[in-house]
Structure formats: C-alpha cells, structure tokens
Amino acid sequence: YPSTEMAAFDESPMVRPTVQELAAAGVEEPPRQYVLPEQDRHGDLLAADEFPEPIPLVDLSRLTDADEAERLRAALQTWGFFLATNHGIEESLMDAMMSVSREFFRQPAEEKQKCSNLADGNGKDYQVEGYGSDKVVSEDQVLNWSDRLQLEVDPEDERNLAKWRRHPESFRVFLQGCAQEYASRTKKIRDLVLRSIDKLLKIEEDYFVNQISNKASGFARFNYYPPCPRPDLVLGLMPHSDSGLLTILFNNDNVGGLQVQRDGRWYNVPTKPHTLLINLAD
C-alpha cells in the first residue's frame, strides 16, 4: 500500500483503509493491525478437519413430521446449527441477493465510503450500520481481514436510507423492492424453527416467538473477504459465538472458510447451493 497512506494508518489506528483497498493495492504483507500475535495464530483453523459425519440437513417443509423434528433436535444438540432445505425463499431471490452484494463491493472506494460506518470520518463516531469493518477501540486490537455492509431492514420505519446507496441503481432498487420480502421470509423461518424447538422442549406453544417484540431489530449484513497474501497471519473473522437468538446465513457457494468448533476441534462447513445455515445463538 502507498507508504504515505500506510504511515497515516499506523499513526492513526482509528482511521484506516478498508481491507478491500489493501488487497487491491497488492500489499505483500498485511499491516500489523491485522496480524495475529504468534501465540494466537490458529494453525488448527488452517488445518481444520472435514466433517466427521454427514452435515446436518433439515427439511423445513417437513418439521411437523416426527423424524424431521428429531433430526432438528440432533443437529442442535450435537452441532448447534444445521443447513436448511425447502426453506421457502426462491432461488431467484437468493441469486439476486448474491449478485447485488457483489455489485456493491465492485463500486469505487469513494462511492462505498459515502455510506461509511464512520460518520464523522475520523474513526471516533462509529455506527453499526454502514460500510467498513470493525470498531477500533485500542491500538492493540487485532482486526478482521474483512469488510462489510450492514443495514437495518426491520422495523421498516427505522431504516436509515442514507446508508442504502443509490448507486449502483440496481442495489437501491433491489433493497427497496426485495429487502422487505426477504426479511419477511426469514422471519417466517425464524418463527418456524422456534416453534419446533418449543415442541421439542415440551413447553408452551409460541413461548420463544412471544419473547420477540414487534419492533425487534433485523439486520442484513453483507460480508466481503478479500484474498490475503499471508492467510497464515490473519483471520477473516475471529472465533466467536453469535449474539441474539438465531443467525440465518446465506453463504457464497464458491467461497469456503466457514468453520465450527466442537469438543475443541474445528471443522470446515461445506457449502450447498441455495441452502441456509441456521445457527443457534447465545
């Protein structure tokens, strides 16, 4: 990366180029803010095992059947996640979402920065919504080798349209026209899974669904993981557990790297076209 900008990056850790900009500049080594301390470099992640058994698959259209409900129980008890088939979201809508997310990240940096998650430009006024990456809270913080665009889609009347880029035009049109539909479908999936868990636990119907406010926030998060010249030194996303209730993930079929941990070992999660990965959160 140009030395003048790298110097500014090193001197002002709250302001930095995006990972996509670093990758496009052809850096040979990731900047120090992204490099894991030697004792924290997860060689076990790079050498993760393949799944020791068939990946948990649950047909959401058959959850009223005892055998499929038992499959859901086994997946959640054993792994804490499953791949959902027959989930009710059309392949065409899923393909459109993937296409428009790629189109956004292909935009020039100055266009993407118009919806930055650093509202004041100096790195101190960080917002959850917008384009960028991690909130930087200290000079010692190790950053993820990834960028993201995060938008609040629910409640609809609380959307911050300033973060919904007008360009490319297809991105704005798609989000305005289809985001609500996609959000509605994922809420139906959420409620279906939660009601199935009610039955498995033999508790009152809609127990979990009734804990969710009609004004509960729902976010769409588009993650971008640029190639890194030294993948052994960085992580696209640090090991973590998800907050909230459920995570519904639509993964790029052509990009691997998603891993889960069980009994102290990491396993690669294979992708399957047009399925959703549903993860039980904290």
Side-chain angles (χ1 to χ4, degrees), residues 49-95 97 152-156 158 178-221 223 237 239-253 258-282:
D49 295 328
E50 298 307 314
F51 251 69
E53 56 197 59
I55 190 166
L57 279 173
V58 176
D59 183 341
L60 296 190
S61 70
R62 297 184 57 245
L63 274 180
T64 55
D65 297 348
D67 61 334
E68 206 65 26
E70 188 55 38
R71 199 166 286 156
L72 173 65
R73 180 203 296 273
L76 294 179
Q77 286 183 335
T78 306
W79 290 100
F81 84 98
F82 61 93
L83 289 182
T85 62
N86 292 322
H87 43 66
I89 301 179
E90 293 88 349
E91 292 183 3
S92 58
L93 179 56
M94 299 179 79
D95 290 341
M97 285 199 66
E152 185 171 12
V153 294
D154 276 321
E156 187 174 0
E158 294 183 12
C178 298
Q180 188 58 40
E181 179 64 22
Y182 191 85
S184 175
R185 301 291 185 87
T186 55
K187 282 192 287 188
K188 289 179 180 178
I189 292 170
R190 176 200 69 190
D191 292 350
L192 173 63
V193 172
L194 292 177
R195 288 183 175 119
S196 298
I197 294 175
D198 290 341
K199 292 179 180 179
L200 291 172
L201 295 176
K202 298 181 180 179
I203 58 179
E204 64 181 273
E205 187 177 3
D206 285 345
Y207 174 82
F208 290 114
V209 171
N210 288 337
Q211 310 302 312
I212 303 171
S213 165
N214 290 332
K215 299 291 284 184
S217 295
F219 288 90
R221 175 167 165 167
N223 295 324
L237 196 60
H240 66 281
S241 60
D242 289 343
S243 61
L245 192 59
L246 291 177
T247 298
I248 300 176
L249 175 66
F250 173 31
N251 199 29
N252 188 334
D253 298 337
L258 181 64
Q259 298 175 343
V260 296
Q261 187 185 62
R262 187 177 79 172
D263 299 331
R265 295 190 63 83
W266 289 94
Y267 298 93
N268 294 315
V269 178
T271 60
K272 186 175 176 61
H274 299 113
T275 59
L276 296 171
L277 187 144
I278 300 180
N279 182 56
L280 200 59
D282 291 339

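Residue numbers run from 1 in the order of the sequence given. These numbers come from the heavy atoms of this one structure, side chains and all, not from hydrogens, waters or symmetry mates.
- In this structure K272 satisfies the salt bridge (Lys or Arg N to Asp or Glu O under 4.0 Å) test with no other residue, sequence neighbours excluded.
- Residues E90 and R185 are paired through a salt bridge, judged by an N-O separation under 4.0 Å between the basic side chain and the carboxylate.
- S241 meets the side chain to side chain contact (heavy atoms under 4.5 Å, CB included) test with D282; sequence neighbours excluded.
- With sequence neighbours left out, L201 forms a side chain to side chain contact (heavy atoms under 4.5 Å, CB included) with I197, I203, F208.
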Full working for side-chain contact (heavy atoms from CB on, under 4.5 Å) between L246 and L194
CA-CA 9 Å; L246 291 177; L194 292 177; 4.2 Å; yes
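- With sequence neighbours left out, T247 forms a side chain to side chain donor-acceptor pair (under 3.5 Å) with D242.
- Here N210 pairs with nothing under the side chain to side chain donor-acceptor pair (under 3.5 Å) rule; sequence neighbours left out.
- At least one donor-acceptor pair closer than 3.5 Å links the side chain of T186 to the backbone N or O of A183.
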Between D95 and H274, does a side chain to side chain donor-acceptor pair (under 3.5 Å) hold up when you go through it step by step?
CA-CA 8 Å; D95 290 341; H274 299 113; 2.8 Å; yes
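- Residues passing the salt bridge (Lys or Arg N to Asp or Glu O under 4.0 Å) test with D206, sequence neighbours excluded: R195.
- By the side chain to side chain donor-acceptor pair (under 3.5 Å) test, N251 pairs with no residue at all, sequence neighbours left out.
- Partners of D191 under the salt bridge (Lys or Arg N to Asp or Glu O under 4.0 Å) rule, at least two apart in sequence or in another chain, do not exist in this structure.
- With sequence neighbours excluded, the residues that form a side chain to side chain donor-acceptor pair (under 3.5 Å) with D59 are S61, N86.
- Applying the side chain to side chain contact (heavy atoms under 4.5 Å, CB included) criterion to R73, with sequence neighbours excluded, gives E70, Q77, L200.
- Remark: N252 engages M98, R102, N254, V255 in a side chain to side chain contact (heavy atoms under 4.5 Å, CB included) (not counting sequence neighbours).
- Side-chain contact between Q259 and Y267 is absent, with no heavy-atom pair separated by less than 4.5 Å.
- With sequence neighbours excluded, no residue forms a salt bridge (Lys or Arg N to Asp or Glu O under 4.0 Å) with R190.
- Counting non-hydrogen atoms of other residues, nucleotides and ligands closer than 6.0 Å to CZ of F219 gives a total above 12.
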